[in-house]
Every structure is written in C-alpha cells, then in structure tokens.
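One structure is given here, and the rest of the page talks about it.
Excluded from the calculations below are hydrogen atoms, water molecules and symmetry mates; all remaining heavy atoms, backbone and side chain alike, are included. For ligands, and for the atoms within them, numbers begin at 1 and follow the listed sequence.
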Amino acid sequence: MVDQFPQALSIAGSDSGGGAGMQADLKTIQERHVFATTVLVAITAQNTLGVKDAFPLPTKIIDEQFAALDEDLQIKACKTGMLADVTRVKAVVANLKKYDFGPLTLDPVMIAKGGAPLLSEDAVIVVRDELLPLATIVTPNLPEAEKLTGQTINTTDDMQMAAKKLQNMGVQNVIIKGGHFENDNQSSDFVLLSNGRSFWLSAPRVNTANTHGTGDTLSACITAELAKGNSVEQAIKISKQFVDATIRDGIKVGHGHGPLNHWAYRKVEANAEV
Ligand SMILES: Nc1ncnc2c1ncn2[C@@H]1O[C@H](COP(=O)(O)OP(=O)(O)OP(=O)(O)O)[C@@H](O)[C@H]1O
Ligand SMILES: Cc1ncc(COP(=O)(O)O)c(N)n1
C-alpha cells in the first residue's frame, strides 16, 4: 500500500449533467490516478442544453466540508471552479487561508458555455483581489481574462499582455486558454511562468460542439499532476495533452454542448508505451 496516496481537492459546483464542474473534476483527477476529494459550493440543475437553476450552499456546510477534510486527509493540491457569488467566494478565501491544501489552481469560472452566469458580476472583483493572490496558477478563458484584467483580447499579443497583467496582480503562473478564438484553426493557450519563462501550447482545433467542461478538465488535470509532485510546467503540459485527447476522441452524450471523453488519454498513454 502506498503511504498517503496523492490526494487532490476540487472546490466547485455540481453539474447534474455530468460534463462540467465537480463531475468533470472528479473524472479527470481519477483518470490521473490521484484520490479526489470535494468541497461542494453550489448545485446546478444542468444538462448539455444549459443551466436550468443554481443553488449556492450555505456557508456553514462549506466551512464544515473544509474542516472535515483538514481533520483527516493530506491534500497536496486544490482547485476552484464555480463559486457562485461574493458570499461563497469570501467563504472559500477564508478557508484557504485557514488550512493548507497545497498549491491552488484557480479556474475563474464565470459563464457557462450556454451563457448562464455561474459567478455574480459583483464577485469578479473579490475573485481578483482576494482569491487570485492565493493562487499558484490561474487558468482563465478569453472572456474571463478580459473581465479580470479590464482589457479586450482580440490577438495573441493581447493574450500575452493580459497574462503579464494577471501576474502583476499577484498570481505566480498564468495560462490563458484560447479555446474561444473560434476562427483560428489551432487552439492555442499562452503560458507565463513565475520564472518569467513563457510559451504557447497549441493543438489543431477540433470541429465539435462537444466541449462542455474543457476548462474544468484542464484545471483539474493540472491539480492532479501538482498533487503528485510534478512541476507547474510539467503539470500544464500534461494537462494540455490530456484535455486535447478528451476533445479529439469525442463521445456523443445528450443533445447540446456534449461532454468530453475522459477515458481518451488512456489510449494516448498506451500507444506511447508500445
Ligand atoms: N475545439 C477545440 N479543439 C481543440 N482544443 C480546444 C477546443 N476548444 C477548447 N480547446 C482547449 O481546451 C482547453 C480549455 O479551453 P477553453 O477556452 O474551452 O476553456 P473554458 O472556456 O474555460 O472551458 P469550459 O468553460 O467549457 O470549461 C484549452 O486548452 C483549449 O485550447
Ligand atoms: C457547475 C459548473 N461548473 C463549471 C461549468 C463550466 O463549464 P462550461 O463552460 O463548459 O459550461 C459549468 N457549466 N457548470
């Protein structure tokens, strides 16, 4: 038996449809052979067609989940996803200051693919000012990077400028995801590391509607790899390959923006071993 098997934590909302949010995190962390734990912040009634309703949980039970994990588990890395509103963001910030759950990957989830808000407008500033400085990595998509930096992003130069701005706000490492540049034939993410190194991670864009939960999957994979002790750079590179496989080797579930194939990277790894 491995002594204190690697453990990671997802602090997020539930997607009843199983494709995004905490469900995507659990599937991803499991696939990376890391033990997944959870602090549930909100529940959504959701499927591939959209978010029908959302219910943020009382802060008492959020606090109790953190306390229960701290009492017993040895969590080596954590991530945040949907945090709903100012009250929930502040509760999460307070708990992350109180307990040590390792490096934080902040996925600043704001709006679902279908357009439903998953973070209230007034909470964006609290994420920026209070949560961002606690994070080891932030992983915004283009609209989220625009909200956090207050600048528009139309070009790759804009992405690089926004990454620098985010780093100046107090987060060590930044990955700005280019999944929303839909007229580009590559899906390219810009990475800026704490040591000043920067690079692009690109993959040919897959022409598919089944991209529900791509951002959650990327950030959950980063979290799992950090829990194993990998460096930030290694974690990001593995995670780009992992999410790319889940999109490329797609499955058909539901009638709208379908989920990813969380098993797909097994084939990539099996082929690499031959
Ligand atoms: N059609 C696509 N083909 C290839 N890679 C993609 C595609 N769409 C997204 N990606 C990749 O998936 C990852 C997540 O990017 P994206 O910009 O979709 O995040 P997101 O909007 O936060 O996702 P979500 O909100 O659905 O969880 C990035 O590495 C991005 O490059
Ligand atoms: C609970 C929850 N968390 C995150 C997302 C973002 O995923 P997407 O942008 O693919 O809808 C979501 N839809 N639901």
Please identify which atoms of ligand 2 are closer than 4.0 Å to at least one heavy atom of [X].
X	value
Gly21	1 (C), 2 (C), 3 (N), 4 (C)
Ala20	5 (C), 7 (O), 12 (C), 13 (N)
Ala112	9 (O), 11 (O), 13 (N)
Ser14	1 (C)
Met82	1 (C), 3 (N)

If you count heavy atoms of other groups shown closer than 6.0 angstrom to [atom1] of [X], is the number above 12?
X	atom1	answer
Lys27	NZ	yes
Gln30	CD	no
Asp122	CG	yes

Quick check: does [X] get an N/O under 3.5 Å from an N/O on ligand 2?
X	result
Asp15	no
Gln46	yes
Gly114	no

Looking at ligand 1, does any of its N/O atoms fall within less than 3.5 Å of an N/O of [X]?
X	result
Thr208	no
Val206	yes
Gly179	yes
His180	yes
Asp107	no
Pro204	no
His212	no

Exercise for the section: Going by the side-chain contact (heavy atoms from CB on, under 4.5 Å) test, name the single residue among Thr211, Asp15, Val253, Thr214 that passes it with Pro259. Expected result: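 Result for side-chain contact (heavy atoms from CB on, under 4.5 Å) with Pro259: Val253.
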Could you tell me the residue and atom name of the protein heavy atom closest to [atom], and the distance to it rounded to 0.1 Å?
atom	value
atom 1 (C) of ligand 2	Gly13 O, 3.4 Å
atom 27 (O) of ligand 1	Gly215 N, 2.8 Å
atom 28 (C) of ligand 1	Asp189 OD2, 3.3 Å
atom 20 (P) of ligand 1	Asn141 ND2, 3.6 Å
atom 9 (O) of ligand 2	Lys113 N, 3.1 Å
atom 25 (O) of ligand 1	Lys113 NZ, 4.1 Å
atom 16 (P) of ligand 1	Thr214 OG1, 3.8 Å

Problem - Which segment of Arg248 sits under 4.0 Å of ligand 1 when only heavy atoms are counted - result: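 None of Arg248 does.
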Handout entry: Sidechain-backbone polar pair: Asp189 side chain, Gly178 backbone, donor-acceptor under 3.5 Å
Key = yes
Handout entry: Proximity of Phe35 and Phe5 rings by center, below 6.0 Å
Key = no
Could you state whether [X] and [Y] fall into the same hydrophobic cluster, counting links through intermediate Ile, Leu, Val, Met, Phe, Trp or Tyr residues with side-chain heavy atoms under 4.5 angstrom apart?
X	Y	answer
Leu132	Ile175	no
Met110	Val41	yes
Phe190	Leu148	yes
Val174	Met161	no
Met159	Leu106	yes

Enumerated ligand 1 atoms positioned under 4.0 Å from heavy atoms of [X]:
X	answer
Thr211	26 (O)
Asp216	27 (O)
Ser187	4 (C), 5 (N), 6 (C), 7 (C), 9 (C), 10 (N), 11 (C), 30 (C), 31 (O)
Lys177	14 (C), 15 (O), 17 (O), 19 (O), 20 (P), 22 (O)

[X] side, atom [atom1]; [Y] side, atom [atom2] - distance, nearest 0.5 Å:
X	Y	atom1	atom2	answer
Leu119	Glu144	CG	CD	9.0 Å
Trp263	Ile251	CH2	CD1	5.0 Å
Thr28	Ile222	OG1	CD1	11.0 Å

Exercise for the section: Would you check whether Ala203 reaches within less than 4.0 Å of ligand 1, judged by its heavy atoms? Expected result: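 False for this residue.
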Answer with side chain, backbone, both or neither: which part of [X] has a heavy atom less than 4.0 angstrom from an atom of ligand 2?
X	value
His212	both
Ala42	neither
Asp216	side chain
Leu118	side chain

Pairing of [X] and [Y] as salt bridge, 4.0 angstrom limit:
X	Y	answer
Arg266	Glu269	no
Asp184	Arg205	no
Arg88	Asp85	yes

Problem - Geometric cation-pi criterion Lys237 and Phe242, 6.0 Å radius, 45° cone - result: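 Because its charged atom misses either the 6.0 Å distance or the 45° angle limit, Lys237 does not stack over Phe242.
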Practice task
In sequence, state the C-alpha distance, the side-chain angles, and the governing distance for Glu64 and Lys60, and then conclude on salt bridge (charged side-chain N to carboxylate O under 4.0 Å, His left out).
Solution key: CA-CA 6 Å; Glu64 285 168 350; Lys60 182 169 178 287; 3.0 Å; yes
Exercise for the section: Take every heavy atom of Gly213, measure it against each atom of ligand 2, and state whether any distance is under 4.0 Å. Expected result: yes
